[in-house]
Amino acid sequence: MTALSRDLPGDALITGPKATAPYAADRSGSRLDGRPLAVVHAANPGHVRTRLRHAHALRVPAVPRGAGTGLSGGANAGTGAVVLDLPRMKRILDLDPHDQVAVVEPGVITAELDRSAGEFGLRYAPGTASAAISTVGGNFATNAGGLRCAEYGVTRDAVLGLDVVLADGTPIRTGRRTVKTVLPLATGGTTAHVLAIAYALRPVLASMGPAHITPGWFVLDRHLEVCRTAAASSSRARRRHWTRSSTSSP
């Protein structure tokens, strides 16, 4: 920890079991043995790279953490781990209403991105139920979805590009600001740690408010109706088959 504390600002690193205990688990109810060794409150990409370089050299686990609201246990950290706490990285770096793209740091609250996009008649389409308290980085790490996913898809359907840092501290940029791309989604920090995410935004239809979910239910109803129609058609076909078979039997 000596080298890490030397390379980070004084308020960016906390140690000790009492100080790190609140960062040991998310809201899943699960918990690993022990307590994290330290917590790094990253405020910029340099803090993330510094933390990962030291972790890689010392073979110390690095666990990224957003708001800690996840229910999957992805932010749980046990004995010997160093938590990379990201809520201070909360800038909306770019919001382009013409291209309908927002580039955000991982600590941005989901609802804040939605509100900012709403000023241009746009929205963050996946619409997670925990939008008021969850972060966009956490959405990415878990491929989160919400009540609008039947209409707009889940997080992977909105992600266009990434700035990430690999385990050894190497920064890379992947994806592009276009629709078709391939990305390391839902890795939860096992492949790389996110510095910024480019999200595709969707227009808010004139008759709908930001939280309106009717389109999703409409699409779901249409899917169910198609399934019912297909099942009924199949049932009728089977009845005709057995009717012909029975009449043609000696």
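Here, residue 1 is the first one in the sequence, and each next residue gets the next number. Just so it is clear, the values below take in all heavy atoms, side chains as well, and ignore hydrogens, waters and symmetry mates.
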Do the non-hydrogen side-chain atoms of [X] and [Y] ever get within less than 4.5 Å of each other?
{"X": "Ser28", "Y": "Asn76", "result": "yes"}
{"X": "Gln100", "Y": "Leu122", "result": "yes"}
{"X": "Val108", "Y": "Ile197", "result": "no"}
{"X": "Arg49", "Y": "Arg53", "result": "yes"}
{"X": "Leu4", "Y": "Thr50", "result": "yes"}
{"X": "Glu112", "Y": "Val104", "result": "no"}
{"X": "Tyr124", "Y": "Thr155", "result": "yes"}
{"X": "Asn139", "Y": "Tyr199", "result": "yes"}

Can you hop from [X] to [Y] via hydrophobic side chains spaced under 4.5 Å?
{"X": "Val136", "Y": "Val194", "answer": "yes"}
{"X": "Leu52", "Y": "Val39", "answer": "no"}
{"X": "Leu8", "Y": "Tyr23", "answer": "no"}
{"X": "Phe140", "Y": "Val164", "answer": "yes"}

Specify the closest pair of heavy atoms between [X] and [Y], including all atoms of both residues, with the distance to one decimal.
{"X": "Ala125", "Y": "Arg148", "result": "O-NE, 3.1 Å"}
{"X": "Val48", "Y": "Ala42", "result": "CG2-CB, 3.8 Å"}
{"X": "Gly73", "Y": "Ser30", "result": "CA-OG, 4.1 Å"}
{"X": "Leu166", "Y": "Ile172", "result": "CD2-CD1, 4.0 Å"}
{"X": "Met89", "Y": "Leu195", "result": "CE-O, 3.9 Å"}
{"X": "Ala132", "Y": "Ile109", "result": "O-CG2, 3.6 Å"}

Query raised in the report: Rounded to the nearest 0.5 Å, how far does OG of Ser116 lie from CD1 of Ile92?
Result: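 Atom-to-atom, Ile92:CD1 and Ser116:OG are 3.5 Å apart.
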Query raised in the report: Once you round to the nearest 0.5 Å, how far does CG of Leu113 lie from CZ of Arg123?
Result: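 Leu113 atom CG to Arg123 atom CZ measures 12.0 Å (nearest 0.5 Å).
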Under a 3.5 Å distance rule, please check whether [X] uses its side chain to pair with a backbone N or O of [Y] as donor and acceptor.
{"X": "Thr20", "Y": "Arg35", "result": "no"}
{"X": "Asn44", "Y": "His47", "result": "yes"}
{"X": "Arg202", "Y": "Pro126", "result": "no"}
{"X": "Thr174", "Y": "Leu162", "result": "no"}
{"X": "Asn143", "Y": "Arg156", "result": "yes"}
{"X": "Thr135", "Y": "Gly138", "result": "yes"}

Report task. Among Leu58, Val60, Leu13, find the residue that satisfies the side chain to side chain contact (heavy atoms under 4.5 Å, CB included) test when tested with Val82. Result ->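 It is Val60, the one option of Leu58, Val60, Leu13 that forms the side chain to side chain contact (heavy atoms under 4.5 Å, CB included) with Val82.
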**Report entry** Verdict with supporting geometry, His54 and Val40, side chain to side chain contact (heavy atoms under 4.5 Å, CB included)
**Finding:** CA-CA 12 Å; His54 286 287; Val40 173; over 6 Å; no
Requested in this report: I would like to know whether Arg173 and Asp163 meet salt bridge (Lys or Arg N to Asp or Glu O under 4.0 Å); could you show each step before the answer?
Outcome: CA-CA 5 Å; Arg173 176 168 291 177; Asp163 285 345; 2.6 Å; yes
**Report entry** CG (Asp33) with more than 12 external heavy atoms under 6.0 Å
**Finding:**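 For Asp33, atom CG is not crowded (no more than 12 foreign heavy atoms under 6.0 Å).
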Report task. Check the pair His41, Ile14 against side chain to side chain contact (heavy atoms under 4.5 Å, CB included), reporting the backbone distance first and the verdict last. Result -> CA-CA 8 Å; His41 296 294; Ile14 61 173; 3.8 Å; yes
Query raised in the report: Taking atom types as modelled and ignoring hydrogens, do the side chains of Thr110 and Ser134 form a donor-acceptor contact shorter than 3.5 angstrom?
Result: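 Note: Thr110 and Ser134 side chains meet the donor-acceptor criterion.
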